[in-house]
Participant: 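Mind looking over this structure? Questions follow.
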Amino acid sequence: MAKVSVNLDDDLDGDDSSKKLKAMAAPLPSVSKAKSSALKDAPRVQFSFTNVPKPIKEAFSAEAQRRGVTKKELLYECLRAGGIDIPDASEIDGRRR
């Protein structure tokens, strides 16, 4: 019986055809996806305010509950209403990397 030799060490970086395949398989650049990817992969930091009056905090929490969103999502909505360009929370959720 003849022996079969298999070489599994592929040198993909040295081959021109593999470079062409990698370039063809690369996703097309998208400004919106690049921005959401950058936000999704950005380091997380604490975001808080100084003490606010309790009725304001309770009103904020009640409004978030009324809308069926988290307080963070309500904050994002408020920032968007103020003119800050923030993608949807699902696009920048760090748990979905």
Participant: Is a side-chain N or O of Arg80 found less than 3.5 angstrom from the main chain of Pro87, in a donor-acceptor match?
Facilitator: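 It does hold such a pair.
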Participant: Just how far is it from atom SG of Cys78 to atom CD of Glu63, taken to the nearest 0.5 Å?
Facilitator: 8.0 Å
Participant: If you count every heavy atom of other residues, nucleotides or ligands that lies below 6.0 Å from Gln65 atom CD, does the total exceed 12?
Facilitator: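 Incorrect, the count does not exceed 12.
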Participant: Among residues at least two apart in sequence or on other chains, which ones pass salt bridge (charged side-chain N to carboxylate O under 4.0 Å, His left out) with Glu77?
Facilitator: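 In terms of salt bridge (charged side-chain N to carboxylate O under 4.0 Å, His left out), with neighbours along the sequence ignored, Glu77 is linked to Arg67.
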Participant: Not counting sequence neighbours, list each pair that qualifies as a ring pair (Phe, Tyr, Trp, His ring centres under 6.0 Å) and has a residue in residues 40-69.
Facilitator: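 Of all non-adjacent pairs touching residues 40-69, those that pass ring pair (Phe, Tyr, Trp, His ring centres under 6.0 Å) are Phe47-Phe49.
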Participant: Would you name the heavy atoms of Leu74 and Ala64 that are closest together and state the gap between them?
Facilitator: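 Shortest heavy-atom contact: CD2-N, 3.6 Å.
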Participant: I'd like to check the side-chain contact (heavy atoms from CB on, under 4.5 Å) partners of Pro53; sequence neighbours left out, ordered by chain and number.
Facilitator: Pro55, Ile56
Participant: First locate atom OG of Ser61, then atom NZ of Lys54, and finally report the distance between them rounded to the nearest 0.5 Å.
Facilitator: 11.0 Å
